[in-house]
Each structure stands twice: as C-alpha cells, then as structure tokens.
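Report on one structure; see the data block that follows.
Residue numbers start from 1 in every chain, and the chains themselves are labelled A, B, ... in the order their sequence lines are given, proteins ahead of strands.
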Amino acid sequence: MDIERKIARLNPRQKEAVLHTEGPLLILAGAGSGKTRVITMRAAYLLHRGAAPRSVLAVTFTNKAAREMRERVAAMVRGGGNGSPVISTFHSLCLNILRREIEHLGFRKDFTVYDTGEQISLLRNILSDIRFHDKTFRIESVLERISRSKNDCVPAAAMASSDDDKIEEVTERLYPRYHEALRTLNALDFDDLLLFALKLFREHPAVLQRYRERFRYLMVDEYQDTNRVQYEFVGMLAGERKNLCVVGDDDQSIYGWRGAHPGNILDFEKDFPGTAVIRLEQNYRSTGHILQAANAVIKNNEKRMEKTLWTAGAPGPRVRIFRAANAEDEARWVADRISMIRLDRNLRWEDFAIIYRANLFSRPFEEALRKLRVPYSVVGGTSYFENREIKDLAAYLKIISNSRDDLSLLRAANVPKRGIGTTALGRLSVFARERSISLLEAFSRAREIAELGAKTAGSAEGFAGMIGRYQSAFQKRRVMAETFAALVEEIRYRDYIRELYKTPEAAMRKIENLDAFISSLSGYAAEEAAPTLQGFLETLALSDFIEEKEEKTGSGVTLISFHSAKGLEFPVVFICGVEEDILPHKKSSGTADAVEEERRLFYVGITRAMKELYMTYAGHRTKYGRQSAVNPSRFLDEIPDEALKRLNNEAPDAEDEERFARKSLAHIKAMLGE
DNA sequence: GTTAGTTCTGTTTTT
DNA sequence: CAGAACTAAC
C-alpha cells in the first residue's frame, strides 16, 4: 500500500490534516489549496488504519463532488478493498435513511420527492382551493420563504417576521396547508429530506443510536455552505464521539441567500471544544498576481477567518482590466482576445472561461463567439428536468410509482389531451376528498360521479386502468426501459410533441430529450444491482445522473455564472460585467452582510484563474430595453495597482497586441502556404 | 377545452 | 426587450 508514500509528499499542513483522525477537526482550505486531495487521502488513510469502510461517512453538497471523491478514494485503496466508505450528498444520504425509516414519521415507504416545479403547482392548487385570488405576490417568494423556514429549522408558527409583510402573511396561511397537502400526497420536498431526517433523529433516539454506532468517522465538505438543518443533523450524528472533520472556506460562502449559514464554520471551534484547526493556505492553482488580487479583495470582509493564499510559483502577468463602451463591445473584445490568446499561448478553447453574475449575460458573449466561430458551451440556464416533456413523462412514472401522488396524476391526466379538462378534474378531486380516497381511485370509480359525462367518465376509468397495468408492468425491473417505451407509445406522446411544436427543429430537440430520458432509465437499470422505478425517480429528483457538468463544460469556451464556477478552474478567465448594481448586485448592496457575500462571489471568480485573469466592465448597458450609464464595481478599487493593468479601446495592451498581430499574420501565411 | 392577446417582472440555484 | 403566466374570448 503506497498511501504512506503519498502522504509523505504532502505539504506539512496537508499532512497534519490527513493524520488527524480522532476528535473534531476544522480544515480551512483556501481556494486551490489541494482540498480534495487532502480529504480523499484522509478517507483512504482512515481505512488504512483499520476503520471499517462502512463506518466512514463523507458528505458533500453535489453529486459531482461525491462522485469525484468516490473515484479518487477507490483509486487510492485499490486492492485493499473490503468495500468503500459511504460518500454521499446530504440529500441522498437523508433520502436513503428515510427510505428505511420514514414509517416512524407516519409516511409510507413509497413516498415521492417533489422538485421546485411541483412545489409551485402544489401551492397554486392550494391557492385556488381556498379561493385566494390575491395576485399581488409571486408564488416563488412564498416558496422561498417556506424553504427558508425549513432550512432555518424554525417551526411554521414561529417564523421571524421581517421585511416583506405581505409575503409573510400569505406564507403563514399557506404553510400549514402546504404541509398537510404533502402529507396526504405521501410526498416530501427537497428541504423535507433533511428536515425529516433530523426530526427522525430527534424523536427516535433508538434510530439515531443505530446510525451513530454505524458512522464512526464523519467528514463534511463545503461546510461553509451548510444550513441550520444540516448543522443540527451533523451534530446529532457526531454524538459524543465527535469524530467530525469539516472542510471548507468561509471566504467561498456564496449561498447565504439559500439558507447557508457561514456562522457554522466560523463558530465550529466554539461548538466543538478541543477542535484542531488547520489552515491550508498554499495555493497550487494560480499565479502570484492573481492571488495578490484575490487576497487584497477578500481582506475587506469583516466577518472571516484570517487566511492569506500564497504560492511558490511565478507571479505571472498582471490582472488586466478592460473598460468597454457597452455590452456588445465588451463581448466582442473578450471574443477577440480569446481567439488571439489561444493562438499566442497555444491553448485549447476548453482552457477559457467567461464568468458573469447572471445567466442572462451569456447572450452577447454567445453572439460574439459565434461570429468568430469560436466553439463554446453555456453552463446553467434551463436544466434538463425543467423541460416539459421530461416533466410530463416523469409525472406518469410518479403516479405509477406512488398511487397517492395526486399532483402528478393531475399533470399526467390530460397530457396528451384525453378529454379530462379542469372541470372534470375538479369533480374528480371533490369526489376523492369526500370519500378520503386517492385521486387515482376516484378515476377508477368515475362512473359513480353523476355530474361527469359518460365519455369523460370512461376516459378517466380508462386512464386509471392504464396506470394500473403499468404498475404491474414496472414490477419486471429488468425491462423497465422497454415498459417505459411502450407507455410513451401507448399515450402517443411523440405525436403530441410534434403537434405542440410548430417548427420541426424544436420538436426534434424535444423528441431527442425524450429518447435520452428513456435511455437514462435503461442506463439506470443496467447499472443498479436492484433497480426499481422508485429508485430511478430518485436519481432524477436528486439530479444524480452522470452527464451534468462534465458534459456541459465539455467542449469549447465555458460560459458560466460565479455560482456554478465554484470548484472549477481554468487557465484563462474573463470576469465580465464587473459593475455596480451587477457585482455587487443592486438587491444585495443594502446590507453589509450582503455586500460581503457579493465580495466573496468576486473572490470565487478571481480564484478560478490559473494563469491569466481579465476583468471587464462597460460604460453603458441596456437594461430592460433601456440604455443607461453604469459605473465600475467598487471591488475593482480594492485591487492594488501593482497587480493590475488597465486597458480600453484607446489604450490597448500595446506589447501584446503587436505580438498577436505578428502571430496571426504568420498563422495566415502558414495557412496560405499549405 | 383550446387559443391568442395582455400584463407583469426582471440574481445567484449544489439537491 | 423578452419570457412567463394569466385572462378573455373562441
């Protein structure tokens, strides 16, 4: 086993972190400090020292991080293998626990997990149910508030009344009903996965005890992003033993608005007396000037743990700041620059990233890059599951999997149209409610409903019958994909799509998505030891199927938001739209805390760059169809002069430009010479 | 039950 | 300006 040799090659701080195995440990891992290497090695080392693999638990936030860690640990302990440690996201860990234990909390084991879209339609249904016709608020805000209170671990009744009284008031009325509705639907939302797992631990000490005995070594990655529920959950699991190692960087906490509580990492030492604190400050990613800029910017935050990144490497070129006339000029300059640098530095398109505050800023860059025939891929935006065809078909699978899932039934029932409209659905719902039966059962007894026409009733019964047939068909797990394909065929979904989308291209895209969906089921069935429809729906709900980010950042220049860029690195980075009201965002410049989070966002962007960093801003920008003058971001003033170089159309990078010109001339000559 | 206008509103989004 | 969601008329 060469793990010891690997450990010997670490720097002193890293080594210390790997070798500290018992008791609370806080690893403050600066950007690019080899964090992943340390935690994977630490996991491997625990096994090496004789810990049973199933007693080691590492929790991450993203599937991607979990996957990466699993692979790296597996590679390290290869041959020594009697199983691997449990490496999982918070959500899937809790889901797995709940799958086994949720009956303690009065849910059935076949519960469904609702995504945001389903949450919204559920709230809409409730709203119309109680005839709440006030539309001066956005349903999303209510949802945000609900989610927030779940994440903050505050019971519905005792929510802190704050800024927006209107939303507050509506939320207070809606929350209990929403909660009830989920229960009757035998469904949980994302936040419930964590909340219920915590509830389980709190209310059932015997269950908690079992998990405490099992998981003897805990690691939590990205601890700065944990919210209150996650904090409590981890604390409970750690128990008296307190073999808890948390890894994170308070300077990269950028999810405060989603309930993350950076205080968790700041207070860790207080919460766990006797904590060993290890700072990883040596940076292996970026050149000196980039780090100088990063350090200088983040230093302006009050609430943080002092850290200074340093490198043993070269200072590299200075950070270049370009002032553009407007958004189009900015995009054009960036696109030009990318093509030039690629040639000059002999790089691949994949080595470049354009980072911006909001996804909607991608557009001008896409246009400019297209004009120069530069390949690119945009990360983020509408995700695969938000596509109508996926949601429609998932609704079918969900009602097949959980017959109490009225919400999914409601969606599937009339898509494609089969003559069961809103009125019919309303009557069916009333019938179901009067008899306290599920909506699906009401469908199968539709003929008993006097107000329903014979045709409609027949249609409803036929639908219920079909669902019943597929419920048994999906029991044959090895042929689930075939069954699914047969279902899509039976409901003539492809025809429906072709009619719905006028242009053949759009329809084509949708059909491709649909086919990909079917094959993802066969992929799941092939990979899993004991595949079930429910299991497949879970991988969907937790978006845990392989392609995600790797594919997205797969080819060409990467266009990406600050948030999605966290954890990634690129040789050349362009940070764009560095202006007041964008970064910091207008809505975040109110409080000091919010500005600090914006600054961390900027910091995350800066520290993505390995060799070269550019920042751009515009003098004018079109906002909501209106042209207006804008100011450069206050954060730019925080970068020391000796680390930067300012450019604009009148003052281009003289020496670089000249070299580029010569290079491209040579390039053209070479091409002509061929 | 479907469709074409009309109004409204604008971050970020690991699961 | 552009996309979504809602409304009013087929």
Side-chain angles (χ1 to χ4, degrees), chain A residues 59-67 88-95 113-116 119-121 124 127-128 133 135-141 143-144 147 150-151 188-194 221-222 224-227 229-230 252-260 327 355-361 363 379-383 385-386 388 414 417-425 453 455-456 499-500 538-545 548-549 560-568 577 581-589 594 597-598 600-602 604-605 621-627:
Chain A
V59 189
T60 64
F61 275 82
T62 66
N63 295 306
K64 191 185 169 212
R67 210 155 33 231
S88 167
T89 64
F90 268 109
H91 291 267
S92 75
L93 172 69
C94 290
L95 179 60
V113 180
Y114 280 170
D115 64 26
T116 321
Q119 289 177 281
I120 288 177
S121 41
R124 284 226 172 83
L127 237 31
S128 72
H133 291 308
K135 48 196 173 0
T136 58
F137 62 91
R138 295 184 326 128
I139 206 116
E140 288 84 357
S141 323
L143 203 59
E144 258 164 45
S147 166
K150 287 188 181 190
N151 288 156
L188 308 188
D189 64 26
F190 278 135
D191 303 318
D192 285 338
L193 292 176
L194 296 155
D221 191 17
E222 306 279 16
Q224 78 282 354
D225 289 335
T226 50
N227 59 35
V229 179
Q230 286 157 172
Q252 293 187 69
S253 159
I254 55 175
Y255 285 99
W257 52 275
R258 241 186 133 281
I355 303 181
Y356 36 70
R357 176 63 222 252
N359 290 125
L360 64 104
F361 291 119
R363 186 155 303 163
V379 178
T382 330
S383 96
F385 337 84
E386 280 164 42
R388 147 192 255 133
N414 209 30
K417 308 271 176 304
R418 51 173 72 79
I420 311 172
T422 14
T423 30
L425 285 173
K455 220 168 91 194
T456 317
E499 262 169 55
L500 197 61
E538 273 160 18
T539 63
L540 264 198
L542 303 182
S543 47
D544 185 16
F545 50 121
E548 274 315 294
K549 246 173 208 170
I560 194 169
S561 70
F562 286 101
H563 286 90
S564 314
K566 192 171 84 165
L568 305 177
D581 293 348
I582 296 179
L583 188 78
H585 193 271
K586 188 155 64 220
K587 288 189 178 161
S588 303
S589 41
E597 179 152 317
E598 297 288 306
R600 292 193 290 266
L601 216 41
F602 189 40
V604 166
R621 201 173 279 276
T622 338
K623 284 176 187 172
Y624 313 137
R626 196 169 276 282
Q627 185 84 203

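- Checking B:dT13, B:dT15, B:dT11 against every side-chain atom of A:Phe190, the shortest atom distance belongs to B:dT15.
- With centres under 5.5 Å and a plane angle under 30°, the ring of A:His585 is stacked against the base of B:dT11.
- Ring-centre distance between A:His91 and A:Phe61: not below the 6.0 Å cut-off.
- Of the C1' atoms belonging to C:dG3 and B:dT14, the separation is 26 Å, rounded to the nearest Å.
- Rounded to the nearest Å, the gap between the C1' atom of B:dT12 and that of C:dA5 is 23 Å.
- At a threshold of 4.0 angstrom between heavy atoms, the contacts of A:Lys417 are confined to the sugar-phosphate backbone, with no base atom among them.
- Proximity of A:Arg124 to the phosphate of C:dC6: a side-chain N or O atom is located under 4.0 Å from OP1 or OP2.
- Applying the 4.0 Å criterion to OP1 and OP2 of B:dT13, one finds that A:Asn359 has a side-chain N or O inside that range.
- The closest side-chain donor-acceptor pair between A:Asp221 and A:Thr60, if any, does not fall under 3.5 angstrom.
- Base engagement by A:Tyr255 is indicated by at least one non-hydrogen atom pair under 4.0 Å involving a base atom.
- C:dC1 has no base stacking with the ring of A:Tyr624 when judged by centroids under 5.5 angstrom apart and an interplanar angle below 30°.
- Scored by the side-chain hydrogen bond (donor to acceptor under 3.5 Å, both in side chains) test, A:Tyr114 finds A:Asp405 as partners (sequence neighbours excluded).
- If A:Glu222 and A:Ile582 are placed on DNA chain B by their nearest nucleotide, the residue sitting closer to the 5' end is A:Ile582.
- OP1 or OP2 of B:dG1 has at least one side-chain nitrogen or oxygen of A:Thr423 nearer than 4.0 Å.
- One atom, NZ of A:Lys586, and another, C1' of B:dG10, lie 9 Å apart when rounded to the nearest Å.
- Heavy atoms of A:Arg363 sit under 4.0 angstrom from primed sugar atoms or phosphate atoms, though from no base atom.
- Every residue meeting the salt bridge (Lys or Arg N to Asp or Glu O under 4.0 Å) condition with A:Asp192, not counting sequence neighbours, appears here in chain and number order: A:Lys150.
- With contacts defined as side-chain heavy-atom distances shorter than 4.5 Å, the pair A:Leu601/A:Arg357 qualifies.
- Within 4.0 Å of A:Arg418, counting heavy atoms only, lies no atom of the nucleic acid at all.
- Residue A:Thr89 places none of its side-chain N or O atoms closer than 4.0 Å to OP1 or OP2 of B:dT14.
- Taking 4.0 angstrom as the limit, A:Asn63 places none of its side-chain polar atoms (N or O) nearer than this to OP1 or OP2 of B:dT14.
- Among the protein residues, A:Asp225 comes within range of the nucleic acid bases, having at least one heavy atom under 4.0 Å from a base atom.
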